[in-house]
Every structure is written in C-alpha cells, then in structure tokens.
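Keep in mind the model is a prediction, meaning the values are calculated, not measured.
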Amino acid sequence: MKTQKNRHLLLLCVALFWAAQHIFTPYQTPYMTAMGILADTAGIIVGAYGFTQMLLRFPIGVNADRKAKHKPFIAAGFLCIMGASVLRLFASSAPLFLAANLLAGVGSSMWISFTILFSNMYSEDELRSSISLVFSFNQLGMLAAYMVGILIYPIDAKYIFITSIALSLTGLVLSFFVKEDAPSGNGKADIRKIIKDAISKRLVLFSVLAIITQAAAQATQSSFTSQVAKELGADSTQLGILSIITMGSAFLGSSLLRTKFLKNAPIHLLITVCASLYAGYCLMVGFAGSVMTVFIAQFFGGMANAQLGSLFMSSAIEGCPAASKSTAMGFYQAVYGFGMTIGPVIMGFAAENFSYTAGFGIMAALIMLDVALYYIFRKKI
C-alpha cells in the first residue's frame, strides 16, 4: 500500500472529490439570492452543509475504525456528491437547495477516510507533512474546479452541476484502483476501546478551536465574501477569479507548511500569525470599498485559513493510536461541523438585520478568541 503510485492515485481522487464538491461554491450565495432567496435563508442553506457533517462524521469515523476499511466510505462520498449535483440541476426553490446541501454534507463527511488512509501511508513523524500534502490536493482540486467554473458558469449555471457529476463519477471509478491493506482481525473491534483511545484533551482542544475557524471560513470565504464582491460590482467572471485567488493562496499556504522553515516553526507562533492574518482578512472584506480590495484580502485569508486547518487537524490526531485515528478524526470533524453550520447563519442574520460589515467584524473577533483559547489551554494538553 505504501507505494508512490498508490499515494498519487489517492491524491488524484482527493482532488477530484473536492473539485466536484466545490465547483458551485463561488456562485452558491449569489445564485440563490438571484432566485429570490433571502440572505438569512441562504445562510441556513449554506450552513446545512455543515449540519450533516456535524451529525455523521463521528459515527462514520468509529465505523471506519471498527471495519478498518476506508474505500467503501470514499465511494459513498463520491455517490453523495453526485446526488447533490443532480438535485441542484433541477432545483428551483429553497427546499431543494437545502436537500442538496444536506446530501453534499453527507458526502464531505467521508473526508475522514481520505485523510486517514493517506496518512497511514506515512510514518507517525511525517504526520504534519502528510496532512499538509493531502490538504494541498484538497485545495488544488478546488482551484482546478474554479478555473473550469469561471469558463462555463457564464454560459449556463447548469453546466456547473453536470461537470460536478462527471468529476464525481471519474473519482469514483479511480478510487476502485486504490490499494488498501486488508483489515486486521475480523472487523469487529471493541467500539468502547476505540472511542476511549481516540478521545484526549489534545483532541478536544483542537476540535473546539476548529469550531471557530470553520465558522469564520464558512461564513466568509466560502459564501458571503462573494456576495460582498457582487454588491461591489463584481460580475460572474470576477467571482470566479475571486475563488481562484482563494484556492491558489490556500494551495500555497498548505504547501509552505512542508518547507523546512515552517515545518520546524513552533506551532504557537504559526497559529498566532495565521489567526491574526485571517482576522485582518475579515476586517478588510467587511470594510472593502472595491472588488480589488476583496481580491487582495482573499489572497491572505485563503493562505491563512488553509494553514490553520492543516495545523489544527494534524495536531488534533497527533499521538492517537492507529486503530482509533478515524474515530479521532471523526470527532474532530464532527465538532467543527458545528462551526460550519452556525457560521453562515450568524453571518446571514447580521447581514439581514445590520450589515455585512458587522458580520465580518464578528468573525474577526471570533478568530482572535481562538488565539486566546489556545494560549489559555495549551499547557493543559
């Protein structure tokens, strides 16, 4: 299983998975508001994507550890993304978009198996590097999708959904050729032991920190930043460029974590710098007076968020026994699913009742709260 060819094949599946999942993301909120869906309702729909992940990721992680197999979960993820894209293809109302985002969230819940299967191909001391590498291909897949989306969305939005279906199907077929070690035992490991070994103070701390970063990311760069740009005069091409900037900078940020300089940098310093940078991004977008300002902010925000995500994920499962890693990852991703759910709802409420400036200001404050919580509790893990 530990061959370069197998690693490369799985990384290709990762890129296809996230390309299929997020090709519609840059246009999601503007597309719905153009249909007459209110900002607060759009926020609930966007947040639904995180809601199913919050509910499902932990039990999926436990199941993956119990069966010691990941390929079935990977296949299920691709199938769910296909189903969500089919729903969006025919959607003409808020309930159908809600159903599509709920199903898409089920698909993204399978991300656990991609990350754990890939990290298992490396030694424990290469954990941070392997997580940052799989994160890089996560961002690379979205970057490629956005570059395609910028060409086809102006023609007809429905081509976006058809492309997502095609990407999902391709990834599903390729995933069948990824090699996975046969499970040890009989696939009936003790669930109580799996959970006990997985849950630690370290895991809980970084999961809570991730709630805040995911709330801010889902409320800003994954949804309402594009709406701010649109209200400042951005057309569909510029919205696509905005997303390319996001993913390009995120890919750069994840890749930089594997450089010798950042690989050896103290984690507290990296968290402080990246969180401060993201808070600055939120304020810059909230007070932006031009599309160019949003573009510049998005570059730094995308890079900072990708680095925080990679750092938190690798730190959360560091030292976890191999037989419980999927459970630990499931717990981590389920907890931060709460942030993905509540973040867009908070932003939608603030935008509808106050202003986008107020909403982005709230997100900046939450990110700095993250830094404070880390320094308060880091010595207790």
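- Atom CE in Met147 sits 5.0 Å away from atom CD1 in Ile244 (nearest 0.5 Å).
- In this structure, the side chain to side chain donor-acceptor pair (under 3.5 Å) partners of Thr25, at least two apart in sequence or on a different chain, are His22.
- Leu169 and Phe176 fall within the same hydrophobic cluster, where Ile, Leu, Val, Met, Phe, Trp and Tyr residues are linked whenever their side-chain heavy atoms come under 4.5 Å apart, directly or through other members.
- Closest approach of Leu98 and Ala48 over heavy atoms only: CD1-CB, 3.4 Å.
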Given side chain to side chain contact (heavy atoms under 4.5 Å, CB included), test Val134 with Trp111 step by step and report yes or no. CA-CA 11 Å; Val134 79; Trp111 175 229; 4.0 Å; yes
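- Distance OG/Ser315 to CZ/Arg128: 6.0 Å, rounded to 0.5 Å.
- When the shell of 6.0 Å around CZ of Phe24 is examined, it contains more than 12 heavy atoms from other residues, nucleotides or ligands.
- Ile342 is not connected to Phe349 by any chain of hydrophobic side-chain contacts under 4.5 Å among Ile, Leu, Val, Met, Phe, Trp and Tyr, and they are in different clusters.
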Kindly list each side-chain donor-acceptor pair under 3.5 angstrom involving residues 300-312, sequence neighbours excluded, with atom names and distances?
{"from": "Gln307", "atom 1": "NE2", "to": "Gly253", "atom 2": "O", "distance (Å)": "3.1"}

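- Looking at residues two or more places apart in sequence or on another chain, you find a side chain to side chain donor-acceptor pair (under 3.5 Å) between Lys193 and Asp197.
- Under the rule for a side chain to side chain donor-acceptor pair (under 3.5 Å), the partners of Gln227 that lie at least two apart in sequence or sit in another chain are Glu231.
- Side-chain atoms of Thr259 come within 3.5 Å of backbone N or O of Leu256 as a donor-acceptor pair.
- Partners of Ala145 under the side-chain contact (heavy atoms from CB on, under 4.5 Å) rule, at least two apart in sequence or in another chain, are Ala19, Ile23.
- Residues Val46 and Met347 are not in side-chain contact: their nearest non-hydrogen atoms beyond the backbone lie 4.5 Å or more apart.
- Shown here are the side-chain contact (heavy atoms from CB on, under 4.5 Å) partners of Leu369, two or more places apart in sequence or in another chain: Ile212, Leu366, Leu373.
- Residues Ile367 and Met363 form no side-chain contact, since every pair of their non-hydrogen atoms from C-beta on lies 4.5 Å or further apart.
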Show me the donor-acceptor pairs, under 3.5 Å and distance only, between side chains in residues 271-298 and residues at least two apart or in other chains.
{"from": "Thr272", "atom 1": "OG1", "to": "His268", "atom 2": "O", "distance (Å)": "2.8"}
{"from": "Thr272", "atom 1": "OG1", "to": "Tyr375", "atom 2": "OH", "distance (Å)": "2.7"}
{"from": "Ser276", "atom 1": "OG", "to": "Thr272", "atom 2": "O", "distance (Å)": "2.8"}
{"from": "Tyr278", "atom 1": "OH", "to": "Thr220", "atom 2": "OG1", "distance (Å)": "2.7"}
{"from": "Tyr281", "atom 1": "OH", "to": "Gln221", "atom 2": "N", "distance (Å)": "3.4"}
{"from": "Tyr281", "atom 1": "OH", "to": "Thr225", "atom 2": "OG1", "distance (Å)": "2.8"}
{"from": "Tyr281", "atom 1": "OH", "to": "Gln298", "atom 2": "OE1", "distance (Å)": "2.7"}
{"from": "Ser290", "atom 1": "OG", "to": "Thr293", "atom 2": "N", "distance (Å)": "3.2"}
{"from": "Ser290", "atom 1": "OG", "to": "Thr293", "atom 2": "OG1", "distance (Å)": "2.9"}
{"from": "Gln298", "atom 1": "NE2", "to": "Thr246", "atom 2": "OG1", "distance (Å)": "2.7"}

Test side chain to side chain contact (heavy atoms under 4.5 Å, CB included) on Ile44 and Asp40 and set out the steps. CA-CA 6 Å; Ile44 292 170; Asp40 51 357; 5.7 Å; no
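- Residues Phe58 and Ile195 form a side-chain contact, since some pair of their non-hydrogen atoms from C-beta on lies under 4.5 Å apart.
- Tracing side-chain contacts under 4.5 Å through hydrophobic residues (I, L, V, M, F, W, Y), one never reaches Leu269 starting from Met368; they form parts of separate clusters.
- Minimum interatomic distance between Ala34 and Lys230 (heavy atoms only, all atoms of both residues): CB-NZ, 4.4 Å.
- Between the CG atom of Leu257 and the CG atom of Leu133 there is a distance of 11.5 Å, given to the nearest 0.5 Å.
- Between the side chain of Lys263 and the backbone N or O of Ser129, no donor-acceptor pair lies under 3.5 Å.
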Working note: Ser123 + Glu126, criterion side-chain hydrogen bond (donor to acceptor under 3.5 Å, both in side chains); need CA distance, chi angles, decisive distance, verdict. CA-CA 5 Å; Ser123 61; Glu126 296 175 296; 3.0 Å; yes
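- A cation-pi arrangement is present between Arg7 and Tyr122 under the rule of less than 6.0 angstrom and at most 45 degrees off the ring axis.
- Contacts of Ala99 classified as side-chain contact (heavy atoms from CB on, under 4.5 Å), with partners at least two apart in sequence or in another chain: Leu87.
- Side chains of Phe73 and Ile112 form no contact here, defined as non-hydrogen atoms less than 4.5 Å apart.
- Distance alone, capped at 3.5 Å, is enough to place a donor-acceptor pair between the Glu180 side chain and the His70 backbone.
- Leu203 is listed as a side-chain neighbour of Ile199, based on a closest heavy-atom distance under 4.5 Å.
- By the 30° and 60° cut-offs, the orientation of the rings of Phe206 relative to Tyr374 is tilted.
- Although no hydrogens or angles enter the test, the distance criterion places no donor-acceptor pair under 3.5 Å between the side chain of Ser254 and the main chain of Phe251.
- Of all the heavy atoms in Phe377 and Leu205, the pair that sits closest is CB-CD1, 3.8 Å.
- Here the shortest heavy-atom pairing between Leu103 and Gly83 reads CD2-C, 3.5 Å.
- A distance of 8.5 Å separates CD of Glu124 from OG of Ser119, quoted to the nearest 0.5 Å.
- By the 4.5 Å heavy-atom criterion applied to side chains, Gln218 and Tyr49 are counted as neighbours.
- The heavy-atom pair separating Ser207 from Val335 by the smallest distance is O-CG1, 3.5 Å.
- Nearest heavy atoms, Asn138 versus Val14: N-CG1, 3.7 Å.
- Note that CZ of Phe360 and CZ of Phe224 are 8.5 Å apart. Values are rounded to the nearest 0.5 Å.
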Could you walk me through whether Arg378 and Ile267 pass the side chain to side chain contact (heavy atoms under 4.5 Å, CB included) test, one step at a time? CA-CA 11 Å; Arg378 70 186 179 118; Ile267 188 171; over 6 Å; no
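- Residues meeting the side-chain contact (heavy atoms from CB on, under 4.5 Å) test with Ser226, sequence neighbours left out: Pro30, Leu239, Leu242.
- Taking a 4.5 Å side-chain heavy-atom cut-off between Ile, Leu, Val, Met, Phe, Trp and Tyr, the cluster of Leu38 contains only that residue.
- Side-chain contact check for Met329 versus Cys320: every heavy-atom pair is 4.5 Å or farther apart.
- In this structure, the side chain of Gln21 engages the main chain of Ala104 through a donor-acceptor pair within 3.5 Å.
- One distance of note links CZ of Phe118 with CG of Asn6; it measures 10.0 Å at 0.5 Å rounding.
- Judged as a side chain to side chain donor-acceptor pair (under 3.5 Å), the pairs with a partner in residues 331-354 (not counting sequence neighbours) are, in order, Arg57-Gln333, Arg57-Tyr336.
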Donor-acceptor contacts under 3.5 Å from residues 152-168 side chains, at least two apart:
{"from": "Asp156", "atom 1": "OD1", "to": "Lys158", "atom 2": "N", "distance (Å)": "3.0"}
{"from": "Lys158", "atom 1": "NZ", "to": "Leu89", "atom 2": "O", "distance (Å)": "2.9"}
{"from": "Thr163", "atom 1": "OG1", "to": "Tyr159", "atom 2": "O", "distance (Å)": "2.7"}
{"from": "Ser164", "atom 1": "OG", "to": "Ala20", "atom 2": "O", "distance (Å)": "2.7"}
{"from": "Ser164", "atom 1": "OG", "to": "Ser85", "atom 2": "OG", "distance (Å)": "2.6"}
{"from": "Ser168", "atom 1": "OG", "to": "Ser164", "atom 2": "O", "distance (Å)": "2.8"}

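- A heavy-atom distance below 4.5 Å is not found between the side chains of His8 and Thr3.
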